[in-house]
Amino acid sequence: MSTIENRYDFVFLFDCEDGNPNGDPDSDNSPRFDPETFQGLVSDVCLKRKIRDYVSYSITAGAIPEKGNGIFVLSGNTLESRQRLPFEQLAGEDKIEAKGKDTKPTDIEKARQWMCKNFFDVRAFGAVMSTTEFNCGQVRGPVQITFARSIDRILPTEHTISRQAFTGEKDIKIRHGDAGPQVHHSLRPLSRAWLHHPVFAAKTGFSEDDLALLWKALGNLFEVDRSAARGTMSSRGLYIFKHESKLGNAQAQRLFESIKVGKNPGVESPRAFTDYTVVPPDPGSLPEGITLIDGLA
C-alpha cells in the first residue's frame, strides 16, 4: 500500500431533516448552533465517530479485512485496553515493556508504529496515546476535520410525546414523555476540512487504500447510523481537490469558496435539500495543478 504523496482539500455537504444531528450535552442535548448567527453546528468529533463506526461496521459485514483496520477509539472500550495491545503483542518478539512515563523511547516508538499499523483511526486522525501506563506516544494524523456549519440559520423546536407505558408505579401520574429537540431542516457543509499533510501521512502510514476508505465512509456514514432522534441525514456532496504537490498548488480557502451553495429563487426558508442549488467550479477555472474529484460519483 503506497502512502499519500499529494495534498487534498475537500468539501463535504450533508443535511438533516426532522432530527437532532449532534446534541450538546451541556444544553440538555439541544442541537448545537452559533448563538450570533443561529447557524447549526456539528462537531468534528461527531463526524469522526461516524467515520470510525462505518469502518467498524464494514469489518463486521466482511466488506474490508479486520487486519490493519481496527479502531482505537472504540465505543464501549477504554483507551488503556487498546494501548495495552502492542505491549502484549511485542512483549516476546521485541521485548518492549510498559512503564508509563518511564517507558524507554525505543519501546514507545515500537508501540507507536504498531498502533499506526493496526488502527485505521490512528493513521487517519492521529491520537494522544501517552496518558496511561501503556505509553504509545503521540501521533498527528493527516486528516483534519473542523466543525460543520449550516448554510442558513436553524430553528430548534421541541415536540413532546405522550407515554402509554410506564417504567414503574411511581411514574403512572406522569402523562408526558421527554421533549425531543429537533431541527426541521438544515444543509450543513463541512466547508473547512482537509487532508493536506502528506508528511504526516508518511509518518502514520496512511495509504491510498485508507484514503479510498475515508471517501467511501463520508459518502455512506449516515446509512449505517440511522436513528429516529437524528431524523433523516444524508450525504449530499463530496468535492475533493487534489493537488499535484505535497505543499499544495492553491490556498485551501480559495478552493472551498469555489463551491457555491445558494437558495433557489423564491425560497426564503429552505425545508428540503431541493430548495438549494450546489454549483461546483468549472474544471477549467481551477488553479494550475488542481484536479476536482466528485467523491460521490
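On a predicted model such as this, the values are computed, not experimentally measured, just so you know.
Side chain of N249 to backbone of H243: no donor-acceptor contact under 3.5 angstrom is found. D210 places no side-chain N or O within 3.5 Å of a backbone atom of F120 that could act as its donor or acceptor partner. In this structure a side-chain-to-backbone donor-acceptor pair under 3.5 Å is missing from R230 to F222. A side-chain donor-acceptor contact under 3.5 Å links R123 to the backbone of C116. D28 places no side-chain N or O within donor-acceptor distance of the main-chain N or O of S30, the cut-off being under 3.5 Å. At least one donor-acceptor pair closer than 3.5 Å links the side chain of N220 to the backbone N or O of K216. Although no hydrogens or angles enter the test, the distance criterion places a donor-acceptor pair under 3.5 Å between the side chain of N20 and the main chain of N29. With hydrogens and angles disregarded, no donor-acceptor distance shorter than 3.5 Å links the side chain of N6 to the backbone of K242. No donor-acceptor pair closer than 3.5 Å links the side chain of S150 to the backbone N or O of R153.
Side-chain contact between S234 and D15 is present, with at least one heavy-atom pair separated by less than 4.5 Å. Here the side chains of D44 and T146 are not in contact, with every heavy-atom distance at 4.5 Å or above. Using a 4.5 Å heavy-atom threshold, the side chains of Q89 and N118 count as separate. Side-chain contact between P281 and F241: present, with at least one pair of heavy atoms (C-beta onward) separated by less than 4.5 Å. Contact of the F87 side chain with the T103 side chain is registered, since non-hydrogen atoms from C-beta on lie closer than 4.5 Å. Within the 4.5 Å cutoff, the side chain of P287 has heavy atoms near those of the L255 side chain.
Between T132 and the options R84, Q83, E80, a side-chain hydrogen bond (donor to acceptor under 3.5 Å, both in side chains) holds for only Q83. Just one residue in the list L214, L213, D121 forms a side chain to side chain contact (heavy atoms under 4.5 Å, CB included) with I51, and that residue is L214.
Closest non-hydrogen pair, D9 versus A252, comes out as OD1-CB, 3.7 Å. Of all heavy-atom pairs spanning P86 and I96, the tightest one is O-CD1, 3.7 Å. Closest of all the heavy-atom pairs between R32 and P25 is NH2-CD, 3.7 Å. Shortest non-hydrogen contact noted between L74 and S56 is CD1-OG, 4.2 Å. S43 and C46 get closest at one heavy-atom pair: OG-N, 3.1 Å. P142 and T204 get closest at one heavy-atom pair: CD-OG1, 3.9 Å.
Rounding to the nearest 0.5 angstrom, the gap separating the SG atom in C136 from the CD atom in E109 is 11.0 Å. Distance CG/D107 to CG/D102: 12.0 Å, rounded to 0.5 Å. One distance of note links CD1 of I240 with CG of L211; it measures 7.0 Å at 0.5 Å rounding. Note that CG of D24 is 8.0 Å distant from CG of N22, once rounded to the nearest 0.5 Å. The structure places CG of N69 at 9.0 Å from OG of S58, a figure rounded to the nearest 0.5 Å. Taking CG from L221 and CG from L47, the interatomic distance works out to 7.0 Å, rounded to the nearest 0.5 Å.
Applying the salt bridge (Lys or Arg N to Asp or Glu O under 4.0 Å) test to every pair with at least one member in residues 272-291, sequence neighbours left out, gives no pairs at all.
Sparse packing is recorded around NZ of K203, with 12 or fewer heavy atoms of other residues, nucleotides or ligands lying under 6.0 Å away. Enclosure of atom CD in E66 is not indicated, since only 12 or fewer non-hydrogen atoms of other residues, nucleotides or ligands lie within 6.0 angstrom.
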Test log, rule side-chain contact (heavy atoms from CB on, under 4.5 Å), inputs K48 and V73: CA-CA 10 Å; K48 289 178 183 178; V73 185; over 6 Å; no
Would you please test K263 and D152 for side-chain contact (heavy atoms from CB on, under 4.5 Å) and show each step? CA-CA 9 Å; K263 291 179 287 189; D152 292 292; 3.7 Å; yes
Does the pair R49 and S75 meet the rule for a side-chain contact (heavy atoms from CB on, under 4.5 Å), with working shown? CA-CA 9 Å; R49 176 75 273 155; S75 298; 3.7 Å; yes
Take Q39 and F33, measure what side-chain contact (heavy atoms from CB on, under 4.5 Å) needs, and give me the verdict at the end. CA-CA 5 Å; Q39 290 172 291; F33 65 92; over 6 Å; no
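When the side chains of ILVMFWY residues are joined at heavy-atom separations under 4.5 Å, either directly or via intervening members, F10 and I293 end up in a single hydrophobic cluster. In terms of hydrophobic clustering, with Ile, Leu, Val, Met, Phe, Trp and Tyr side chains grouped at heavy-atom distances under 4.5 Å, F125 and V139 are assigned to different clusters. W215 and I4 end up in the same hydrophobic cluster when Ile, Leu, Val, Met, Phe, Trp and Tyr side chains are linked at under 4.5 Å. Taken together through direct or relayed side-chain contacts under 4.5 Å among Ile, Leu, Val, Met, Phe, Trp and Tyr, I108 and F134 form parts of separate hydrophobic clusters. In this structure, L85 is not a member of the same hydrophobic cluster as I59, with clusters built from ILVMFWY side-chain heavy atoms closer than 4.5 Å.
If you look at F14 and F12, their ring centroids are closer than 6.0 Å.
Note: F72 and F119 have tilted aromatic rings, judged against thresholds of 30 and 60 degrees for the angle between ring planes.
Electrostatic pairing of R226 and E223 counts as a salt bridge here, judged by a charged N lying under 4.0 Å from a carboxylate O.
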